[in-house]
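See below for the structure under consideration.
Residue numbering restarts at 1 for every chain, and letters A, B, ... go by the order of the sequence lines.
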Amino acid sequence: MIQSRPASFPSEEGLSLENGREASFEGVLAQALLAWYERHARTLPWRIGPKWRRAGVKPDPYRVWLSEVMLQQTTVKAVGEYFAAFTARWPDMMAFAAAPEEEVMAAWAGLGYYSRARNLVACARRVAEDYGGVMPRKADELVKLPGIGPYTSASIAAIAFDEPVPVVDGNVERVVSRLFAIDRPLPQAKSEIRETLRPLVPQDRPGEFAEAMMDLGATICSPKRPACALCPLNMMCRAHGEQREEAYPVKAPKRAKAKKFAGAFVALRDDQKILLSRRPPKGLLGGMSEVPTGPWQESPVARMPAPPLSAPWRKITPQVSHIFTHIDLKVTIWQAALPPETPAPEGFWWHDLENLKDAGLPTVMAKIVEAAIPGATKARAKR
DNA sequence: TACACGTGGTC
DNA sequence: TGACCAAGTGT
């Protein structure tokens, strides 16, 4: 169901352009947004700015894909250095497709949602094998690839290949739900928002339109205290007309986080090597390296879980707390020093503390090591 | 449809 | 402090 246009917008009869052409609501909105974008576009490493775009320059689909996947549920600031490191190390799709999965997982460490890294590798290999290393151009083709869903497929198709499809991310959900005062709660309202946006997409500049919508949401139409005075669409916005901007988008209530508790073991050999293992490929932190942990349980850790090897374990304080999206985890840490000749048990290995960065520990694991061995995660590898 | 899936920043 | 949020996807 498509919402009616804002009541504050003039009737169509009252609208005419200087050249005598009829101005549609859709056209006026797109023009106002694109004009704003030409002045206020954010400069981003994976983007071709409006000036160069007008000169016919298009962004590299590989970089668009990589950035879009990194940006899923992740801030621009957090992505910045990862994008630079990835593109320096793997400059194109074929180079990336040839990368060992474990190297990609380690390079991704700290960015979160680790299935994205695994799917990135799977996607690159599929593109290399099935498409000769050339990214498909259509959203309905892209959406079949691993790690590429409705948002990412549309964004790549629009931004890299100028396919006029609606691109709906969290920013756009907010902008569109305010523009049309859509009061159905998210995520149920997703399809209504997409279909409301579809006729607004200009056929000639869909990529810039998508980027402009997201920039507007990120910089003007913010979740709290939006800067409506600076918004190029304020006269067309129903939420603004109602002075109820922050009432949109309506969101369904979310569930409380589960509390969980675990014990962890920091085993440090006297030759400055730490005992690590790899987590199972699926599930939380799937495929990432870790310090050995006991079971994650519902009740506080009362006694030491079964350790990976026999050692003079002693409990250290304080505990480490870590908040995941859906789990509030408290970790009790046991530490032990071992002689240099100590062998690693089956499935474990000793990792040089000096080069801990290379181990690719997810943040929660790095926090555990840091609590036991202050400074360990900040050491840089020697040249 | 609803839930699993990370992390860091903001108010 | 704790709740919310940030360019979502897979199951």
Using the rule salt bridge (Lys or Arg N to Asp or Glu O under 4.0 Å), only one of A:Arg205, A:Arg53, A:Lys51 pairs with A:Glu38; which is it? A:Arg205

Which of residues 278-300 of chain A sit near DNA chain B, with a heavy atom under 4.0 Å from it? A:Gly283, A:Leu284, A:Leu285

OP1 or OP2 of C:dG8 under 4.0 Å from side-chain N/O of A:Lys190: no

Write down the distance separating the C1' atoms in B:dG6 and C:dC5, rounded off to the nearest Å. 13 Å

Could you check whether any side-chain N or O of A:Trp108 sits under 3.5 Å from a backbone N or O of A:Gly112, counting only pairs where one atom can act as donor and the other as acceptor? yes

Could you measure between the two P atoms, the one in C:dT9 and the one in B:dG8, and give it in whole Å? 22 Å

Using a 4.0 Å cut-off on heavy atoms, which residues in residues 68-82 of chain A reach DNA chain C? List them by number, or say none. A:Glu68, A:Leu71, A:Gln72, A:Gln73, A:Thr75, A:Val76

Using OP1 and OP2 only, check whether a side-chain N or O of A:Arg255 sits under 4.0 Å from B:dA4. yes

With distance as the sole test, does A:Glu26 use its side chain to make a donor-acceptor pair with the main-chain N or O of A:Val201 at under 3.5 Å? no

Could you tell me how the ring of A:Tyr62 sits relative to the ring of A:Phe96: parallel (under 30°), tilted (30 to 60°) or perpendicular (over 60°)? tilted

Please report the distance separating the C1' of B:dC5 from the corresponding atom of C:dA6, rounded so that it comes out in whole Å. 15 Å

Could you measure the distance from the CG atom of A:Leu200 to the OG atom of A:Ser24? Nearest 0.5 Å is fine. 9.0 Å

Sugar-phosphate only, base, or nothing, as touched by A:Ser67 at under 4.0 Å among non-hydrogen atoms: nothing

